[in-house]
Amino acid sequence: MSKIEIKNLDLYYDDLQALKNVNMSIAANRITAFIGPSGCGKSTLIKTLNRMNDLIPGCHITGSVTLDGEDIYGKDLDVNLLRKRVGMVFQKPNPFPMTIYDNIAYGPRTHGVHRKAMLDEIVEKSLQDAAIWGELKDRLLKSALGLSGGQQQRLCIARALAVQPEVLLMDEPTSALDPISTAKIEELALQLKEHYTLVMVTHNMQQALRVSDTTAFFLLGEVVEYSDTEKLFSMPVDKRTEDYITGRFG
Amino acid sequence: MKSARAAGTPILRPGGSRLLNTLRANLLHWKRHPFSALIRLACFLSTCITVFALLDVVADILIKGLPNLKPSLFSLTYTTDNQSLLPSLINTFIITALSLIVAVPLGVGGAIYLSEYAKRNSLLVRAVRLTAETLAGIPSIIYGLFGMMFFVISLNMGLSILAGALTLSLMVLPVILRTTEEALLSVPDGYREGSYSLGAGKLRTVWRIVLPPASPGILAGVVLSIGRIVGETAALLFTAGTLARLPSSLLSSGRTLSVHMYVLAGEGLHIGEAYATAAVLLVFVMLMNGLSGLISRRIIKE
């Protein structure tokens, strides 16, 4: 079952074309990885899925992106509600400068949850889902900035989960982290796919191989190859994919 | 090789005092790098001169001012006998408050527009920045002249604390605008992205995510403005006048502490009282700085 459908997507930053005729359908409850060299458009594409590109001046698209059949670039669509359904975790952990509790509660409060008991429940559940409740339960009222990089990133995942998204976008979520934290995040991603649709940009091909079900290989704004991860890494159809995954460039 | 090593590691005597050992190490270092010693000395002297100048001013004012602090200086009505500073002190509070009431919302609001709504580094933003910086550099007497022509005469406010406060609010507006803008721009974009990605709108993002970490910086701008308002004389002479009485309305004339001091010192008859006024002003400014430090520390803690 496909959750997100991308059709004939072109994206421009002013005159520069960053994505060329992208067609892709992203399956629900799977992890989809985007790989490719720097500047190939993978981060750009992930940001079109929750319209974070709207914040970049001069960015415009043609083509369509649908979430459960609904055009996310449609006129009637509420961007804030879209971003509630499609959460995002960034390359650099970006906890807000407030307590751990308030970080998690920020999203639910934004969407109208104010009852203390309800918020307590959401905070606990989100932190548990992000596999960090045990580490943080005794310091919920401490600043989130005092956490280690890996903890901050899992806190950001918990924060994204707190608004009950359907899709979780991860833009190179482990590139700023040490190997142990990376392993924890990868393990977490595998647990999360049971309930969420995950899309992950990664620079690390091993990571894509370890965690993802399907992989898309990008080059110069085009999707060169998009197939099951195992197939893409073992029997790439395109010569360029083969060159990339065997380390001949990139 | 051996001699280079001997020169590189200062010989410290285990039994010697720490001070002597440090001195010995430093001397060895300076012998080889005389220029470094010179720079260090120059920097140290600069610090000494700065601290000494401040202490000298404070001590001078307190020594000459405190003995002249008499209860009669705090009488509610000013007469040529008591030279009371209380009406001026109250006027200072009123003018400061009025100026801030006008300048803070305008300055902070404008800065929020420039940093959060307008396109980054667009022509408008750069034009406003240039204007603000130019305005901040204009001598206060020119603001006074403008205030007199515009508020006092054209708008027919007369010499009044309202005209004075409005003139001063124009004067500190660029300060507040620029410091607030800098404070907002120093908030990492990651915070904004995080907020938007959770489905928060612009207003909520600015109010809940961007403003709190920027508030110590904004407060610093406000304190700087208070300092300029409290210390201002030239712009007020032309706009608020020098009446040493409690104001009956916003349209009556009134002098602030600084103007009061200027008048007393200018007349030359009451230098002692002028010093006493200076002491009160000094304590007032120090209290303001201490208070703002406290507030910003509390904000950071939260």
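All values below come from the heavy atoms of this structure, side chains included, with hydrogens, waters and symmetry mates left out. Numbered from 1 within each chain, the chains take letters A, B, ... in sequence-line order. This structure is a prediction, so every number in the text was calculated from the model and none was measured.
Within 6.0 Å of atom CD1 in I180(A), 12 or fewer heavy atoms from other residues, nucleotides or ligands are found, so the atom counts as exposed in its surroundings. Remark: Y117(B) OH is packed, more than 12 non-hydrogen atoms of other residues, nucleotides or ligands lying under 6.0 Å away. When the shell of 6.0 Å around CG of L203(B) is examined, it contains 12 or fewer heavy atoms from other residues, nucleotides or ligands. At most 12 heavy atoms of other shown residues, nucleotides or ligands fall within 6.0 angstrom of atom NZ in K142(A). In M118(A), the CE atom is not crowded: 12 or fewer heavy atoms of neighbouring residues, nucleotides or ligands sit closer than 6.0 Å. Shown here is L123(B), whose CG atom has no more than 12 heavy atoms of other residues, nucleotides or ligands within 6.0 Å. The number of heavy-atom neighbours closer than 6.0 Å to CD of Q17(A), taken from other residues, nucleotides and ligands shown, is above 12. Surrounding CD of E121(A) are at most 12 heavy atoms belonging to other residues, nucleotides or ligands under 6.0 Å away.
Between P95(A) and Y191(B), the shortest heavy-atom distance links the atoms O-CE2, 3.3 Å.
For R208(B), the parts lying under 4.5 angstrom from a heavy atom of chain A are both the backbone and the side chain. There is no contact between V89(A) and chain B, counting heavy-atom distances below 4.5 Å. For Y106(A), the parts sitting under 4.5 Å from any heavy atom of chain B are the backbone and the side chain alike. For L81(A), no part lies under 4.5 angstrom from a heavy atom of chain B. For M88(A), the parts lying near chain B are the backbone and the side chain together; criterion is any non-hydrogen pair under 4.5 Å. For P93(A), no part lies under 4.5 angstrom from a heavy atom of chain B.
Under 3.5 Å, the side chains of T110(A) and R204(B) contain a donor-acceptor pair of N or O atoms.
Below 4.5 Å, heavy atoms of chain B meet heavy atoms from R159(A), A160(A), V163(A), all part of residues 148-171 of chain A.
To the nearest 0.5 Å, atom CZ of residue R51(A) and atom OH of residue Y196(B) are 14.0 Å apart. Interatomic distance, OG of S195(B) versus CG of N94(A), reported as 10.0 Å (0.5 Å rounding).
Using a 4.5 Å heavy-atom threshold, the side chains of F96(A) and P212(B) count as separate. Put simply, the side chain of K92(A) does not reach to within 4.5 Å of the side chain of E193(B), judged on heavy atoms.
Of the possible polar contacts, none joining the H111(A) side chain to the A200(B) backbone as a donor-acceptor pair under 3.5 Å is found.
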